[in-house]
Enquirer: 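Take a look at this one; I'll ask things after.
Every chain is numbered from 1, with letters handed out A, B, ... down the list of sequences. The figures here come from the full heavy-atom set of this structure, side chains too, leaving out hydrogens, waters and symmetry mates. Predicted model, so just to flag it, every value in this text is computed and none were measured.
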Amino acid sequence: MIPLIWNKKCLRIMRLTILFLFVGLMQVSASLYSQNTKLNLDFHNTSVLQVLEAIENQSEFRFAYSPKYIDMERKVDVEIKDKSIEQTLSLLFNGTDVNYSISDRHILLFIANEQAKPAQQKKSVSGKVTDSSGTTLPGVSVVVKGTTLGVITDMDGKYSLSNLPENATLQFTFVGMKSQEIVVGEKTIIDIKLEDQTVGIEEVVAVGYGIQKKRDVTGSVISIKSEQFQNAPQTTIAQSLQGKMAGVQISQTSSSAEGNSNQIQIRGVRSITAGGSPLIVVDGIPYSGILSEINPNDIESIEVLKDASSAAIYGARAANGVILISTKKGLIGKTTVSYEGYYGLDVMAHTPEMMSAQEFYNFKVARKGVSSITIAEQQEYAKGTDTDWLALATRTGKREQHNISVSGGSENTKYFFSGSANKTQGLAKNDDFNRYTFRINIESAITSWLKIGTSTQLGYFGRNGEPANFASAMTTNPLNVPYNADGTINFTPWAGDTFIKNPLEPLVYTSEDVARSAVSNNFLQIDFPFLKGLTYRVNCGYNYRYRLYELYVGRNTLTGSQLGGQMQVNNEGKEDWTLENIVTYNKTFGKHTVGFTGLYSAQQYTEKFHDLTATGFPADYMTYYQSKVATAWAPTDSYTKTATISQMARLNYNFSSKYLLTMTARRDGFSAFGTDTKFGIFPSVALGWNVNEESFLKSIVWIDRVKLRVSYGVNGNQAISAYSTLPTMSGQNFLDNNKKPLIGFYPNKLGDPVLGWETTRSFNIGLDHSFLKGRLSGTIDAYSTATENLLLNCAIPQINGVGSITKNIGKTTGQGIELQLSSINVRTKDFSWTTDLNLSFQRSQIRNVGSYDANGNPTDNIANNWFIGKPIGVIYGYAFDGIWQAGDNIASSWMPTAKPGDVKIKDISGPNGVPDNKIDVNDRTILGKTNPDMIGGITNTFQYKAITFSFFINAVKGITKYTDYNNTWVDGRYNMRFRTWWTADNPINTYPANREDSNPYGAGYFGNTNDGSFIRLSNVTLAYKFSPILLKKLKMNNLEVYVNAKNLATLTHFIGLDPELSSDYAVPFSRSFLVGIRFNL
Amino acid sequence: MKNIAKIFVFVLFLQLIQGCNEKEFLQEAPKDATYADNLFLSYDGFLLAKNALLAFPRKERSEVILNGEVGQIWKIGTDVAWAISELSTSRGLNQYTTVDLVPTMTVLNGDNSNPGIFLVLYQTIVSANTIIERAANPAINWQGSTPAINDSRKSEIIGHAKLIRAWAYRHLVMTFGAVPLNVTEINGTNFRTDWRRDPVELIQKQIEEDLLFAESSLPDNAKDVTRLSKVIAQYYLADLYLWQGKNYEAEQKLRAIVTNTNFALITNRYGVKSTLPGCPFMDQFYSGNIMPTQGNTEALWVFPDTDVDLALGQYANAMRRGWIPTYYNKNIAYLPEYGGRGIGREGITAWALSIYEPKDDRYSSYALRRSYVDKTGATLKCDSTASKMVTNANLWVCTRKWDWTFADPARWGDSYAYGDQTYIRLSDVYLLLAEALFKQNKSSEVDGAAYWINKVRTRSNATPITAGTVTLDYILDERARELITEENRRETLYRTGKLLERTRLYNPIANGTRNGVAGMQAFQQLLPIPQRIIDANSGYKMEQNPGY
């Protein structure tokens, strides 16, 4: 049966919907297939049939048609290069009445307006196609094997075929399902169940300067699609990646509305002191901006290049890994309008237990005697003052985002426009982040050989308002008074002591902090008309960001009243341009496919800051527009420029998609290195073997896919700042007899003139697999790295006039194992349960830090806490061994002057390496490390009909962290976290007595309370997708609503504010609850 | 069409192949920084380097290495001073506890935000070395109209550098004993990690050489705070000679100063408070009287400062806040009368407060503050007897030498002071001369030790002494009376060999009496070499001072 046109369109919509519903996340890239696949045909006087077969041979398109109506023997001339299937078909059937319908890889050919003519009934068969759960499958292609006779199932999954030849075999194919062949024989009804096919194998991933089929990738590349984070939206994309990708560690070091304090590390640390951040590439162009200034809704996919080979094309800056961000593009077809939005509330996830006024009072009396209570404190104590400064500095946060996009395209031009508004109010009062972005992504074919395009975001980023001084808000004495009776800020919260400033003062500052930026990546591509497969592309990236920060501290604050007002204006301009010339050539002959990519690029980054601070104004009303009437000014200016030049060549070879080879070499020059050491060369090689393509594995039914990958290569790290090799002098000024400033300079920096690249050699072996028809799939990678010529800030004796210098010395090594596994635990008709797990184990060792003993063996550098054979980032000091108790024989111990209640230090070693019953510098030891052994994340997703429930748990293990809780020194003026001290009545072994001298060696780590390992329930989401039937009535393509909760629970031994936060006295993490909606028309 | 395409592509290809001038493109040309190579080309550049160098000694009175004036490390833990608010950074120096006075202590090593004493002093030395070495370059344009002017400019610049280098080495060698001697500019290729400690004698020789050069090249001038006078070089030469036992040579240098007519003791009231009750001794400490141009004839070396907010060249002076107690804890308002805000880091020992005659101006209420009036109108008196030398004593008799606060009442509680201060005074020279004479058995009241001591005493209305009274201890007592909180007492006592004896005798905290502990030991006369230096000196194992 051949449906009418109207039905066809309807069917197509249905198929897409079904595809979306049932095939799921991994498969979405498949819908891109028809857009992304380019065809090359050169036939003269050839039958349509042969042309179609040729298309089938060079692509994964499969045709279905009825030969009864379509003349397959018609002779045609076709000569096309890199054309889409649509363009090809329109050419092929130009002037005929043949129409076509493309659904992913499946194409139905039919005659417009043809009438169902009575057939000469030879033999007929009909039936119904369902999936394994029994759901009917519309759109399945049913073709008689060896012929071009076939149909597509209707909306009920039904089909019927007539005029079957003798001995016919039916082929049933459907995207995402395993094809089946059934011999018709005598049957007239054939109902069939199609099994799910392994998905993902044909996924296309960005690999840097191009895209590749996932099965052809030789490096260790990990990919995440927007669908994987869209139901748990974050203000900044980095937070969405936390815990999702094996080998990618993201830790949020402070809490804010913007959520931008994220430390991203790929495969741990290699560099001891140079920067360890990965290179971020947005739409092909290195991005040096702030990640939170990219609209997360615009992001289509994120790829992380982890091993040396895949990252090698970005050689210079690839040693710390590369993150490729691709924004959404328009697709050929009808214009789609989409809306995504959410609204949420933030509350404090964990309120630190500060001392109340009563507790503080008792503690201070116990510590310093009742005479230490000042008269002001005594008065407030008597009045019952108990100020909760933390509460005064915080609020319930709010977050909302609205995003509208319009996308579509014709054969020649595809477009994606989006506009977004994000308004986030953090937990801390006045911590506001407003983001407005507008994106234009256009790609247009000017001629058959020339294409131009842009991917541009314009943004406005507001960070107005000053939050309270948080470190101070959390430590200000609870007996201090925040407000005057009239509600204004009390300048002297500690009566009589103007030294104690009110931490809430910033809340009444006047300030504006607005950045505007353009991130524009543009290209021009020429497909050489005279040599097939040869392409030349120019990428031109231009980023500009201007930030204007304006602050006025008026007389309604203590500072302002003392200085007669203070203003600050920062003008910050940043400009970054990249120009890339890329030549690619791809050629397939027989089973051999070769590809070449050549690159010549230049990049320049310039930063100009002109800042001004001024004080002493006649009045407040002109705020920061009155520098001309100030009485004192302190301007500062800075100028930074770096430049990079790169050449790269990559060669890909692929034999029958079975054996794969990638070779890359890159040469980079970076301005900040010494005159003769600016250039570095970074080669790499990778091999891939699709083992499942081998005949000996084909018979093993439970193996869907097995690929083995091996790579080795060299990457560089240039993470030093501009002018690092130049010995800048510092300013130090004096005054003359008349108090006029005398400007002075002195040498305060050493520059190593031969500073050059830090290089990392790494070896990676990986296995991609899929078993049991996709029920269990994933990737396992193991790697080892060796980093040499470290860009090391070495502590040198201060006798040199400075205490450190950046040198290329030393070596570190690292190893790790990464697992990324997905399993479909349950799949029935209405219910499914899938688990995605990733685990990374990593370790590092310092091998050499540039100093050697008499025998030439590398020696430790204790001044920097660098120890040979030990990890990068260790904590070194005296080891806590509990508390001295009254019954201990202290007098004859190694701490004879200790008192009960003092911290007991382990007597580890004397000068000769054995304990000497004495505590001195020889007893310092390694107490822990600052980088984890293991990171991981697990997502469980349960789907029941249209309802999806998922939760995500993030874990970090094996990290030691300092907390101010271990600081037993007490000023007496400030509040701190409540702690239970040792007393004679409560002789605990975990915390010393409430005395100034109870921690004589200043031990900073008290056992497992400093263990920063944690398990966090980071996200829980419940989503509902409206049924296609309802949507059809609403004329919508998709409608989804969800609720999401973040940071619901944390398990940890760590006693500080949070194992992720870098400070104990900072804004605590929030717990967020939000609701979101998404639809498109 | 195809041809156009080919041409277009060809042109693009040419561009691709040609690329850009890589060397030029990657060349760095910072615009916002100064480098030695472009600074030390002319006299103007050397003056800029000299300005920075002059600011180093001034740091001694700021808090760059610990929560208190840097000079605290040469003051507390001696016979005359103790730490009232004993922080972990000062406990070791205050009590000589062996767990605190250790090579790892932050005051010596620095931490993330503080440089540590070695860095401050060696930074000074390397800055001076750079000036001295670069000045030798014959290509420098000294910008003078005659070769003679050029020569004198050059030698005066070098003279300043050598004087300040000697100042820094003197501190190092008197505090740590043998330390590495470096007289070269350090750059990215010749820095060392295998420093060795050079003998004290070698460093003394360098100090002497530098000071002799400075003496010969610095102006005989007292009125300009930016052109240090040769008398400063003579002062330090005398100090060095006294240390070395060369008493006659010391006497000669000191006589050169006391006969220099540019300088005279302040014996009469002058300046901003001359019409108010007071005494000549204290007039030289009042803001407005301190600069030589304001009538101060007694100052050999003055550190200028300014109270203009944000002014370049301003520095935060910590003397006042350090030496004035935390009276605000006693419900007392911040007042200029009380010197401004104090945090009581340091205090004068009960003994040092006990050695004055009541009529001595230096013991008068103009010089020492003994009581306060609180907000209720009650008078609170300081009890500064030995038994009250307890941590965080809120009221303690304090010197008024460093009283300074803003005129604006809103800023009476400000943390730091921005007034000018004298660093070396002529009365100090008189007492050194008395010491030089006494050591040559010349104690006479006519022109011997007693004569010079009496000049200092009579100026402050103290009873003159006879020759027979003069002993080394008496001279040290007189130095305490005259120079309390100014003198780097540890160094004076170390130089005279009296550090252990007098500290144990007069300081009940440092000698262990108060806490019933051992107190100061002989080895603690020298402080430990910072562990950071030993650890970072990876190419050679630098030995620690004995006992640590």
Enquirer: Could you check whether any side-chain N or O of A/Asn737 sits under 3.5 Å from a backbone N or O of B/Val225, counting only pairs where one atom can act as donor and the other as acceptor?
Expert: yes
Enquirer: Does any non-hydrogen side-chain atom of A/Gln732 lie less than 4.5 Å from one of B/Leu53?
Expert: no
Enquirer: Closest approach of B/Leu312 and A/Pro741, non-hydrogen atoms and distance?
Expert: O-CB, 3.2 Å
Enquirer: CD1 of A/Ile796 to CZ of B/Arg192: how many Å apart, nearest 0.5 Å?
Expert: 12.0 Å
Enquirer: Is any side-chain heavy atom of A/Thr725 closer than 4.5 Å to one of B/Glu28?
Expert: yes
Enquirer: Pick one of side chain, backbone, both or neither for B/Arg227, based on which atoms fall under 4.5 Å of a heavy atom in chain A.
Expert: neither
Enquirer: Heavy-atom distance under 4.5 Å to chain B: side chain of A/Phe491, backbone, both or neither?
Expert: neither
Enquirer: Which atoms of A/Gln603 are under 4.5 Å from chain B, going by heavy atoms: the side chain, the backbone, both sets, or neither?
Expert: backbone
Enquirer: Return yes if some donor-acceptor pair links the side-chain N/O of B/Asn51 with the main-chain N/O of A/Phe734 below 3.5 Å, else return no.
Expert: no
Enquirer: Rounded to the nearest 0.5 Å, what separates atom CD1 in A/Ile919 from atom OG1 in B/Thr98?
Expert: 11.5 Å
Enquirer: Against chain B, work out which of A/Asp920, A/Leu726, A/Thr642 has the most heavy-atom pairs shorter than 4.5 Å and name it.
Expert: A/Leu726
Enquirer: Nearest 0.5 Å, what's the CG-CD1 distance between B/Leu119 and A/Ile799?
Expert: 11.0 Å
Enquirer: Any heavy-atom pair between the side chains of A/Ile375 and B/Lys375 that's under 4.5 Å?
Expert: no
Enquirer: List in chain and number order the residues that pass side-chain hydrogen bond (donor to acceptor under 3.5 Å, both in side chains) with B/Glu185, two or more places apart in sequence or in another chain; answer none if no residue qualifies.
Expert: B/Arg134
Enquirer: Can you find a heavy atom in the side chain of A/Ile645 that is under 4.5 Å from one in the side chain of B/Leu26?
Expert: yes
Enquirer: Quick one: what part of B/Thr34 sits under 4.5 Å from any heavy atom of chain A, side chain, backbone, both or neither?
Expert: both
Enquirer: So which part of A/Val849 gets closer than 4.5 Å to some heavy atom of chain B, the side chain, the backbone, both or neither?
Expert: neither
Enquirer: May I have the step-by-step check of salt bridge (Lys or Arg N to Asp or Glu O under 4.0 Å) for B/Asp420 and A/Lys739, ending in yes or no?
Expert: CA-CA 10 Å; B/Asp420 308 320; A/Lys739 311 292 184 77; 3.1 Å; yes
Enquirer: Compare all side-chain heavy atoms of B/Gln95 with those of A/Asp997 and state whether any distance is below 4.5 angstrom.
Expert: no
Enquirer: Pick whichever of A/Asn800, A/Leu750, A/Thr492, A/Asp860 has the most heavy-atom pairs under 4.5 Å with chain B.
Expert: A/Asn800
Enquirer: So for A/Lys368, is it side chain, backbone, both, or neither that comes closer than 4.5 Å to the heavy atoms of chain B?
Expert: side chain
Enquirer: Between B/Phe46 and chain A, which part of the residue has a heavy atom less than 4.5 Å away: side chain, backbone, both or neither?
Expert: neither
Enquirer: Please flag which part of A/Tyr1001 lies under 4.5 Å from any non-hydrogen atom of chain B: side chain, backbone, both or neither.
Expert: side chain
Enquirer: Flag the pair B/Tyr35 / A/Pro727 as yes when at least one side-chain heavy-atom distance between them is below 4.5 Å, and no otherwise.
Expert: yes
Enquirer: Answer with side chain, backbone, both or neither: which region of A/Ile805 has an atom nearer than 4.5 Å to a non-hydrogen atom of chain B?
Expert: side chain
Enquirer: Can you find a heavy atom in the side chain of B/Phe25 that is under 4.5 Å from one in the side chain of A/Lys678?
Expert: no
Enquirer: Quick one: CG on B/Asp32 to NE2 on A/His610, what's the gap to the nearest 0.5 Å?
Expert: 9.5 Å
Enquirer: Which atoms of A/Ala614 are under 4.5 Å from chain B, going by heavy atoms: the side chain, the backbone, both sets, or neither?
Expert: backbone
Enquirer: Against chain B, label A/Thr613 side chain, backbone, both or neither, depending on which of its atoms sit under 4.5 Å from a heavy atom there.
Expert: both
Enquirer: Examine the side chains of B/Gln123 and A/Asn748 and answer whether a donor and an acceptor come within less than 3.5 Å of each other.
Expert: yes
Enquirer: With only heavy atoms counted, which part of A/Pro1000 is less than 4.5 Å from chain B, the side chain, the backbone, both or neither?
Expert: both
Enquirer: For residues B/Tyr122 and A/Gln798, determine if any side-chain heavy atom of one lies less than 4.5 Å from a side-chain heavy atom of the other.
Expert: no
Enquirer: What part of A/Gln379 is in contact with chain B, defined as an atom under 4.5 angstrom from a non-hydrogen atom: side chain, backbone, both or neither?
Expert: neither
Enquirer: Relative to chain B, which segment of A/Lys740 carries a heavy atom at a distance below 4.5 Å: side chain, backbone, both, or neither?
Expert: neither
